[in-house]
Amino acid sequence: MTTQTLYLWFPGNATEALKFYHETFGGELTLHTFEEFGRTDGPPSAIAHGELSGPVSLYATDTADGEEAVSMTGVSIALLGTADGPTLTQWFNTIAQGGGSVLDPLQKRSWGAYDGQVVDRFGVRWLIGYEATDSNKVDTGPGTLASDPGEPTVDTMEAHNS
């Protein structure tokens with residue numbers, strides 16, 4: 001049985017985006033060029049089909065002639081509870097520190113869960129969060145995270161303020 005999977009069209013930087021997502025989320029990355037697929041509607045080295053499979057799975061491509069690139073308005077990719085709290089916190093921080101823009105810091109909410117929103121440097125909006133449980137406590141050693149696992153790091157705040 002298959003499940004829904006996100007497919008993103010990038011304006012010529014699909015390789016960079018997919019490599020960033022691979023470094024952030026892990027998993028397996030497969031890239032195929034226009035040339036490999038016999039396509040002539042874009043540069044031979046452009047990505048015709050890229051796939052990241054793992055904890056976060058998605059597909060991506062470079063736009064062909066006349067196609068529009070990803071533009072996220074009123075939508076986000078929700079990674080709510082898709083991993084443990086420390087992992088989700090790291091993903092949030094990696095996206096923010098990798099040229100992203102924090103829209104809403106990852107923080108504890110009045111209902112007890114943690115969540116936040118960040119737009120990565122490719123214009124993709126992420127909603128990241130988890131339920132507060134003992135297994136989701138984050139190590140708050142020196143220079144890592146603030147005392148509350150949902151509080152952003154100093155670098156995340158700098159990304160937010162830039």
Reported CG-to-CD distance for the pair Asp115 and Glu131, which is rounded to 0.5 angstrom
9.5 Å

Which pairs count as ring-ring contact (aromatic ring centres under 6.0 Å, His included) when at least one residue sits in residues 43-87, sequence neighbours excluded?
Tyr7-His49, Tyr7-Tyr59, His49-Tyr59

Distance col, row Ile128:CD1 vs Leu88:CG, nearest 0.5 angstrom, shows 6.5 Å

Taking side chain to side chain donor-acceptor pair (under 3.5 Å) as the test, write out the residues that go with Thr61, two or more places apart.
none

Heavy-atom closest pair (Ile47 atom, Gly50 atom, distance to 0.1 Å) is CG2-N, 3.7 Å

Taken in chain and number order and not counting sequence neighbours, the residues that satisfy side chain to side chain donor-acceptor pair (under 3.5 Å) with Thr94 are Gln90

Does the Gln107 side chain pair with the main chain of Pro105, one donor and one acceptor, at a distance under 3.5 Å?
yes

Glu35 atom CD, over 12 foreign heavy atoms within 6.0 Å:
no

Filter on salt bridge (charged side-chain N to carboxylate O under 4.0 Å, His left out), then keep only pairs touching residues 16-33, sequence neighbours left out; what's left?
Glu16-Arg121

Should side-chain heavy atoms under 4.5 Å link Ile, Leu, Val, Met, Phe, Trp and Tyr, which residues sit in the same cluster as Leu80?
Leu127

Would you kindly confirm whether Trp9 and Phe34 end up in one hydrophobic cluster when ILVMFWY residues are joined by side chain heavy atoms under 4.5 Å apart?
no

Provide the full list of salt bridge (charged side-chain N to carboxylate O under 4.0 Å, His left out) pairs with a residue in residues 43-67, sequence neighbours left out, each pair given once.
none

Would you mind listing every salt bridge (charged side-chain N to carboxylate O under 4.0 Å, His left out) that reaches into residues 39-50, with sequence neighbours excluded?
Arg39-Asp41

Given the rule that I, L, V, M, F, W and Y join up when any side-chain heavy atoms are under 4.5 Å apart, are Leu18 and Phe20 in one cluster?
yes

Run the side-chain donor-acceptor check on residues 69-76: report pairs under 3.5 Å with partners two or more places apart or on a different chain.
none

What's the verdict on side-chain contact (heavy atoms from CB on, under 4.5 Å) for Val56 and Thr24, showing C-alpha distance, side-chain angles and the deciding distance?
CA-CA 10 Å; Val56 173; Thr24 301; over 6 Å; no

Rounded to the nearest 0.5 Å, what separation is found between the CZ atom of Phe92 and the CG atom of Leu79?
11.5 Å

I'd like to check the ring-ring contact (aromatic ring centres under 6.0 Å, His included) partners of Phe25; sequence neighbours left out, ordered by chain and number.
Trp91, Trp126

Can you name the closest pair of heavy atoms from Ser57 and Ser53 and give their distance?
OG-CA, 3.5 Å

Under the 4.5 Å side-chain heavy-atom rule for ILVMFWY, direct or indirect, which residues accompany Trp111?
none

At what distance, to the nearest 0.5 angstrom, does NE2 of His22 lie from OG1 of Thr30?
9.0 Å

Look up atom CD in Gln117 and atom OG in Ser101, then write down how far apart they are to the nearest 0.5 Å.
11.0 Å

Pairwise distance CG(Leu52) to OH(Tyr21) - rounded to 0.5 angstrom
10.0 Å

